[in-house]
There are 4 protein chains.
Amino acid sequence: MVRIVGISGSLRPDSYSYKALSLAAARSQALGAEVEILDLRQMQLPFCTGEKEYPDYPDVERLRDVVNRADGLILATPEYHGSLSGVMKNALDLMSFDQLSNKVSGLISILGGQSNSNALNDLRVILRWVHGWVIPEQIAIGQAWQAFGPDGKLLDEKLSERFDQFTQSLVENTRKIRGVS
Amino acid sequence: MVRIVGISGSLRPDSYSYKALSLAAARSQALGAEVEILDLRQMQLPFCTGEKEYPDYPDVERLRDVVNRADGLILATPEYHGSLSGVMKNALDLMSFDQLSNKVSGLISILGGQSNSNALNDLRVILRWVHGWVIPEQIAIGQAWQAFGPDGKLLDEKLSERFDQFTQSLVENTRKIRGVS
Amino acid sequence: MVRIVGISGSLRPDSYSYKALSLAAARSQALGAEVEILDLRQMQLPFCTGEKEYPDYPDVERLRDVVNRADGLILATPEYHGSLSGVMKNALDLMSFDQLSNKVSGLISILGGQSNSNALNDLRVILRWVHGWVIPEQIAIGQAWQAFGPDGKLLDEKLSERFDQFTQSLVENTRKIRGVS
Amino acid sequence: MVRIVGISGSLRPDSYSYKALSLAAARSQALGAEVEILDLRQMQLPFCTGEKEYPDYPDVERLRDVVNRADGLILATPEYHGSLSGVMKNALDLMSFDQLSNKVSGLISILGGQSNSNALNDLRVILRWVHGWVIPEQIAIGQAWQAFGPDGKLLDEKLSERFDQFTQSLVENTRKIRGVS
């Protein structure tokens with residue numbers, strides 16, 4: 001059974017990245033994937049020092065273990081200063097080829113202003129660097145403060161359809177590329 | 001008098017980024033610039049939560065104050081996974097237009113393997129995002145483990161000349177663009 | 001006197017890139033710059049073969065001569081497939097360090113759909129490659145079909161102000177960096 | 001049977017891009033793919049004007065037809081000024097979603113100096129823009145003038161192995177993603 005892990009790159013209590021990730025996770029589950037979300041707000045991760053092991057931070061091992069077992073990833077990041085958040089990059093820095101090679105990722109970015117694909121472009125090249133696949137479908141949510149209703153659902157029907165195409169492509173192509181059901 | 005602040009994006013005790021930054025800082029000083037280095041290994045910075053203020057972390061204010069007063073920056077980052085380090089991006093995330101707009105930056109990246117300009121490209125676009133200038137001269141040090149002698153000096157004469165051109169351009173053009181002496 | 005050359009990367013008869021370029025050129029002139037526009041639709045340029053000389057195409061020399069004499073450039077490109085047009089890239093391929101090093105460029109992109117900075121990012125890195133400067137201010141005009149009035153003027157006042165800031169920065173900083181009046 | 005089309009972005013008579021493309025094409029064929037090479041030096045393609053049809057240039061239709069029928073692509077471009085060649089970009093500009101969506105590409109770049117991934121990064125984002133897949137394996141051949149023997153074979157054994165991994169991934173994953181044999 002295809003396993004997907006979701007990681008959100010925002011530490012804000014009321015994070016839109018986390019909301020978007022939750023939506024994509026739920027729809028991936030509805031398509032038959034086993035989905036686990038790693039909430040970085042609930043984890044104690046250190047800044048990457050270039051060391052391999054972080055014995056004082058057992059959550060580093062938890063992060064690596066969960067991603068190790070996954071076939072695919074959903075990465076949802078706020079766009080800070082025209083790129084992914086340092087929080088998200090640092091979480092990726094704590095992993096390596098062992099966790100990320102040959103995995104299939106889908107990318108989501110969250111912006112306060114007009115939508116843009118800078119953070120998504122940088123993430124795409126970063127994941128390639130560790131020999132990962134990235135699906136062509138990607139989602140940038142501009143002016144995120146007006147994108148979600150109080151129930152966490154998307155207000156724009158077209159954006160909601162984009163999430164459907166995104167998760168469908170992620171689940172289907174992860175199955176194909178990874179040879180899992 | 002032109003003020004330059006140097007920031008290194010590695011937390012490794014024996015960081016090559018820090019060595020490269022120190023060299024560029026010393027040469028900028030020799031050209032008449034007032035240079036201050038912020039050593040992130042000695043500072044207590046939090047992960048950026050999107051909040052403006054971090055009262056529990058006075059070093060956030062220190063970071064902002066020093067960059068506020070600067071005309072130019074030297075940013076030296078290890079290239080992790082084909083981009084700048086999460087540590088460096090997070091430090092930038094803790095600042096904003098107030099600190100970085102109209103400042104002039106010079107960029108250095110450090111790589112374990114073959115040299116590459118991915119981290120430099122990402123940094124260039126990030127600094128543009130906050131309306132900063134980036135000088136055309138940039139330095140990527142490949143196979144950094146064999147670049148420095150035990151005294152911290154560069155072993156390759158051509159690379160050393162590149163540092164001269166880099167700092168000369170940074171100091172000279174920061175003066176021109178910022179209108180300082 | 002500061003000299004600016006403008007190049008537009010679209011060959012469409014009713015090109016929006018050319019309209020945007022004309023506006024930026026006129027405002028640069030109003031700020032005291034000497035401006036020349038190279039209209040690629042009126043020039044016979046070959047595809048770059050990697051050769052230095054193109055004796056059958058005198059317009060290659062004209063392109064190089066005009067850019068040689070310039071201090072700054074305005075490059076206006078349509079965004080095709082998330083990057084600059086092949087037409088614009090080919091024109092840049094026909095030049096080299098001789099023409100483009102140490103020149104100061106301002107970048108404009110034109111999009112049919114939602115605005116985006118992909119073409120601008122690629123152009124920024126390309127110009128850096130030939131050791132050129134690029135000003136932080138840049139303009140992406142989304143849904144360009146509704147941006148201009150029948151007289152070629154911009155319909156959106158805020159976008160028009162952006163052109164003012166763009167040309168002001170270009171002319172002023174080209175003067176500073178190039179040391180011309 | 002999986003169909004691959006190869007396109008090279010150099011017009012040089014003795015093009016290294018074409019040599020690299022030929023090697024990758026031959027190895028793809030050995031893995032059971034049907035491979036066709038489009039040699040842009042032998043085709044009469046116009047500069048893209050944004051028009052849909054180019055009745056004076058039947059090679060535009062040939063380009064589109066061949067890519068239409070393909071499942072995968074090998075794109076080999078010289079790196080000019082830190083990006084793909086204008087020649088290659090213009091060929092891509094002459095196509096669109098019809099030809100390129102959901103196709104699987106493998107990317108090769110050729111450099112005169114030190115190897116770099118700028119052209120490959122730009123191509124990756126461009127192909128994503130038209131909803132194409134790009135395999136994680138990619139090849140940048142630095143100092144290409146010393147890479148090939150007089151028989152067109154690669155002199156460096158490790159680089160030759162990289163070509164094996166590259167074509168294996170391309171053929172295998174194009175089969176998986178496209179559901180062809």
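Chain identifiers are assigned alphabetically (A, B, ...) following the order of the sequence lines, protein sequences preceding nucleic acid strands; residue numbering begins at 1 within each chain.
- For C/L40, no part lies near chain D; criterion is any non-hydrogen pair under 4.5 Å.
- C/Y80 and D/T49 get closest at one heavy-atom pair: OH-C, 4.3 Å.
- Note on C/I126, C/L92, C/L127, C/V130: by heavy-atom pairs under 4.5 Å with chain D, the leading option is C/I126.
- Heavy atoms closer than 4.5 Å to chain D are found nowhere in C/S10, neither backbone nor side chain.
- Note that CG of D/N118 and CZ of C/R128 are 8.0 Å apart. Values are rounded to the nearest 0.5 Å.
- A heavy-atom distance below 4.5 Å is found between the side chains of D/V87 and C/N90.
- Residue C/Q44 qualifies as open at atom CD: its count of foreign heavy atoms under 6.0 Å is 12 or below.
- In terms of modelled atom types and a separation under 3.5 Å, the side chain of D/D93 and the main chain of C/G86 share a donor-acceptor contact.
- Contacts between D/L94 and chain C at a heavy-atom distance below 4.5 Å are absent for every atom of the residue.
- Looking at D/L84 and C/K89, their side chains never come closer than 4.5 Å, going by heavy atoms from C-beta outward.
- Annotation: side chain of C/R41 is not in contact with side chain of D/F47 (no heavy-atom distance under 4.5 Å).
- Between the side chain of D/H81 and the main chain of C/M95, a donor-acceptor pair closer than 3.5 Å is present.
- Between C/L11 and D/C48 the shortest heavy-atom distance is CD1-O, 4.1 Å.
- Ranked by heavy-atom pairs under 4.5 Å with chain C, the first of D/L100, D/V125, D/D122 is D/D122.
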